[in-house]
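Heads up: the structure comes next, in structure tokens.
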4 protein chains.
Amino acid sequence: MNEKRPKYMQIIDAAVIVIAENGYHQAQVSKIAKQAGVADGTIYLYFKSKEDILISVFREKMGQFIERMEKEIQSEHTAEKKLSRLIKQHFSLLSENQHLAIVTQLELRQSNLALRQKINEILKGYLFILDDIIQAGKESGEFKQSLDVRLARQMIFGTIDETVTTWVMNDQKYSLDGLAEDIHQLLIYGFHAANNQEEILQ
Amino acid sequence: MNEKRPKYMQIIDAAVIVIAENGYHQAQVSKIAKQAGVADGTIYLYFKSKEDILISVFREKMGQFIERMEKEIQSEHTAEKKLSRLIKQHFSLLSENQHLAIVTQLELRQSNLALRQKINEILKGYLFILDDIIQAGKESGEFKQSLDVRLARQMIFGTIDETVTTWVMNDQKYSLDGLAEDIHQLLIYGFHAANNQEEILQ
Amino acid sequence: MNEKRPKYMQIIDAAVIVIAENGYHQAQVSKIAKQAGVADGTIYLYFKSKEDILISVFREKMGQFIERMEKEIQSEHTAEKKLSRLIKQHFSLLSENQHLAIVTQLELRQSNLALRQKINEILKGYLFILDDIIQAGKESGEFKQSLDVRLARQMIFGTIDETVTTWVMNDQKYSLDGLAEDIHQLLIYGFHAANNQEEILQ
Amino acid sequence: MNEKRPKYMQIIDAAVIVIAENGYHQAQVSKIAKQAGVADGTIYLYFKSKEDILISVFREKMGQFIERMEKEIQSEHTAEKKLSRLIKQHFSLLSENQHLAIVTQLELRQSNLALRQKINEILKGYLFILDDIIQAGKESGEFKQSLDVRLARQMIFGTIDETVTTWVMNDQKYSLDGLAEDIHQLLIYGFHAANNQEEILQ
DNA sequence: GATGAATGAGCTTTCATTCAT
DNA sequence: GATGAATGAAAGCTCATTCAT
């Protein structure tokens with residue numbers, strides 16, 4: 001797709017830059033076209049509508065994101081290490097691409113509910129990875145049996161997302177990567193089967 | 001303010017209803033005026049601009065929210081119990097006011113960056129409460145000394161926020177209150193000084 | 001309506017002028033607004049859409065047209081004289097208002113089918129007058145009993161319309177009024193009961 | 001032209017179908033190209049512009065129309081019978097080709113003034129036939145000397161055209177052919193020299 | 001203080017036409 | 001001759017804000 005339809009990715013990448021630099025509501029189609037080096041009308045040979053561009057941005061980037069994430073995680077064999085790797089990878093990928101971080105954490109959230117729901121649909125691919133890790137941890141005995149997968153997933157995703165958003169809103173002025181291990185530790189404690197003496201005490 | 005300028009709160013409350021029922025982008029000033037039972041122009045006797053209405057909505061509602069939260073928490077005397085109370089209270093207040101939940105979790109997030117930053121400013125009042133609890137927990141020895149206050153706060157807030165947003169996006173169809181204790185447990189494990197044998201092992 | 005909502009008729013009249021002078025497809029809303037001396041947005045306080053302006057132009061003008069036509073016709077007491085008066089009046093009203101003639105004969109016919117059908121709906125008011133005259137003529141014995149009302153109506157309207165359109169397309173450079181009596185004569189022959197000897201001969 | 005340049009007629013016929021089925025304003029060049037089974041660009045090897053296609057549609061079809069009409073009429077030897085034959089033929093040709101009827105009666109009239117004037121130019125070929133019949137009728141003594149050729153032609157054409165348009169707008173749901181003789185009768189009365197006693201009486 | 005009619009800037013999308021292959 | 005990807009100009013409508021009454 002990248003090779004055969006160079007303009008498609010060209011427009012996607014232009015959209016990321018334009019949205020990051022101008023903000024969601026100032027990202028006119030004509031600006032994206034100019035940034036991509038094509039005519040306004042050319043956009044509509046590759047995308048049905050402006051909304052389609054925005055969804056495609058998220059789909060393509062999140063697709064790559066998830067793909068790389070899955071590859072990284074495979075190399076680890078415990079749930080704990082998988083989770084550690086995932087957090088590091090998440091922070092690292094967004095640290096590398098500042099524009100994308102701004103777009104996903106701040107700008108695309110300004111979209112209307114319909115678009116947000118489509119984005120959420122795509123996000124599910126990421127949440128499934130989290131669910132798989134948690135589930136695997138429970139099955140291997142690493143995580144306690146009483147762990148609620150949905151709550152654990154919300155805690156992990158909520159914490160990561162809040163951390164990245166805070167970092168972006170602070171103009172990315174500190175290192176995100178440095179936080180990964182601490183966050184991992186904080187998250188993991190509550191999951192451990194090793195805490196079962198406390199579980200019993202409750 | 002409430003007594004002397006009844007229309008002020010009338011407009012604020014109208015804004016919450018209109019935004020919740022129509023969505024952020026369909027919440028025109030004229031709709032808010034109609035819902036409030038005043039003329040369009042009257043809005044501008046009480047608010048500088050539409051943005052001012054929205055910030056005021058958040059400020060007023062979050063003000064009440066924080067006030068009630070602080071009162072609730074005072075009655076508890078350990079950090080852990082304070083946190084437990086806070087989560088329950090957070091869930092309970094939003095469960096009681098479905099319109100407000102929609103507005104704060106979904107609609108106001110569609111606003112532009114400038115407004116979002118002002119909202120974040122107001123949110124800090126809430127985050128300070130969290131910081132105080134965490135800090136108190138560390139000082140009392142309940143929480144481990146190595147606990148990073150900022151990370152802990154992001155974990156708490158991120159988890160709560162993600163949980164509420166998921167609940168709202170699922171049309172509030174399950175009980176939020178029922179989740180409070182489990183979330184509290186998951187969060188608190190990582191904070192405990194009792195886990196220090198693991199802390200040492202790292 | 002004219003007194004109470006001066007801007008409504010102001011915009012209608014502006015639309016007639018702009019369409020006549022620029023053509024249907026060059027009659028942008030902004031041009032109509034400028035001609036009417038109001039802001040673009042003001043148009044939308046009085047009309048739902050551009051199409052609504054165009055239909056309203058036709059409705060208002062045709063309304064006046066029909067009203068005056070009915071008044072004129074009442075003063076005559078035979079079907080033949082009513083028809084004569086109607087043709088003269090039709091030509092006279094369009095001769096007096098050259099812009100309106102261009103708009104109704106040429107420009108509004110360029111509209112899409114949906115609009116054309118709404119225009120036809122309004123036109124029915126005029127066609128009913130024709131039907132009434134023809135019917136009255138049959139009942140009074142002036143016109144032959146075998147006269148098909150629909151065909152007679154189509155002949156009258158078709159002839160008048162074709163005549164006016166030809167006149168407008170020739171830049172209104174000859175007198176339309178002068179043709180009325182001849183056309184009336186041509187039309188009326190076929191209707192006469194007096195021709196019944198021929199009717200029998202067929 | 002038909003033999004040597006098969007694509008020319010292919011495109012003309014495609015245009016008739018596309019316009020009839022989609023309407024004038026939805027008949028994009030790309031749709032016509034697709035229907036004709038050629039590339040968009042190919043259109044421009046045979047036609048200067050979109051307007052040129054539309055004029056050519058009218059010219060080709062009206063050319064055939066006039067040709068067949070002239071042949072039909074030659075076989076009759078009185079003006080009255082020629083006219084009768086012409087009306088029947090007119091109705092019959094359009095009844096046979098429903099697409100063409102829609103295109104000529106409704107869709108092409110939505111074109112701009114410039115195109116309409118070119119169409120009128122072509123139409124003159126048809127109007128000349130009418131003029132010839134009327135003139136011949138006057139010379140043979142069938143029609144009265146006082147008959148105004150232009151008025152008579154407008155009456156004939158206006159009546160036929162209005163009748164066909166009404167029929168098309170009613171979805172061609174009744175037989176057009178059945179109306180021919182009645183219309184002919186209505187038209188012809190006014191032309192007759194036989195009515196001259198009435199002419200004198202006026 | 002209250003009203004609400006009037007303002008006018010701003011943007012997505014379509015489609016006839018071109019031209020390199 | 002044939003293709004079809006690329007071009008880019010052009011316009012209806014909304015809505016926050018004002019201000020005369």
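Chain naming here is simple, since letters A, B, ... match the order of the sequence lines and numbering starts at 1 in each.
Atom CG in Asp40(B) sits roughly 16 Å away from atom P in dT7(E) (whole-Å rounding). Spacing between atom CG of Asn112(D) and atom C1' of dA16(E) amounts to 14 Å, rounded to whole angstrom units. Atom-to-atom, CG of Leu45(A) to C1' of dA16(E) comes out at 14 Å; the value is rounded to the nearest Å. Protein atom CD1 of Ile32(D) is 12 Å distant from nucleotide atom P of dC15(E), rounded to whole Å. In this structure, His25(A) atom NE2 and dC11(E) atom P are separated by 12 Å, rounded to whole Å. Atom OH in Tyr44(A) sits roughly 14 Å away from atom C1' in dC15(E) (whole-Å rounding).
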- Going through the distances and angles, do Ile55(A) and Phe58(A) end up as a side-chain contact (heavy atoms from CB on, under 4.5 Å)? CA-CA 5 Å; Ile55(A) 294 171; Phe58(A) 201 80; 5.8 Å; no

- Can you list the steps and then say if Phe47(D) with Ile12(D) is a side-chain contact (heavy atoms from CB on, under 4.5 Å)? CA-CA 10 Å; Phe47(D) 300 90; Ile12(D) 295 268; 4.0 Å; yes

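At distances below 3.5 Å, at least one donor-acceptor pair connects side-chain atoms of Lys50(A) with backbone N or O atoms of Ala27(A). Side-chain N or O atoms of Lys31(C) include one that pairs as donor or acceptor with a backbone N or O of Gln26(C) at under 3.5 Å.
Mapping Glu51(A) and Ile43(C) onto DNA chain E via the closest heavy atom, the residue that lands nearer the 5' end is Ile43(C). When each of Val38(C) and Val29(D) is assigned the nucleotide of DNA chain E bearing its nearest heavy atom, the one mapping closer to the 5' terminus is Val38(C). Along DNA chain F, the nucleotide closest to Ala39(A) and the one closest to Gln26(C) are compared, and the more 5′ of them pairs with Ala39(A). Each of Gly41(A) and Lys48(B) was assigned the nucleotide of DNA chain F with the nearest heavy atom; the assignment lying further toward the 5' end belongs to Gly41(A).
Applying the salt bridge (Lys or Arg N to Asp or Glu O under 4.0 Å) test to pairs two or more places apart or on separate chains, those with a residue in residues 104-114 of chain D are Arg109(D)-Asp161(D).
In this structure, Tyr8(C) and Ser56(C) approach most closely via the heavy-atom pair OH-CB, 3.8 Å. Nearest approach of Val103(A) to Val16(A), heavy atoms of both residues: CG2-O, 3.4 Å.
Note that NZ of Lys7(C) and OG1 of Thr42(C) are 6.0 Å apart. Values are rounded to the nearest 0.5 Å.
A salt bridge between Lys124(A) and Glu121(A) is present, with a side-chain N of the basic residue lying under 4.0 Å from a carboxylate O of the acidic one.
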- Note on the structure: DNA chain F in dot-bracket form (Watson-Crick or G-U pairs under 3.5 Å, [ ] crossing, | inter-strand) is .||||||||||||||||||||

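Within 4.0 Å (heavy atoms only), Tyr46(D) reaches sugar-phosphate atoms of the nucleic acid but no base atom.
Bracketed by its first and final contacts, the part of DNA chain F lying under 4.0 Å from non-hydrogen atoms of chain B reaches from dC15(F) to dT18(F) in 5' to 3' order.
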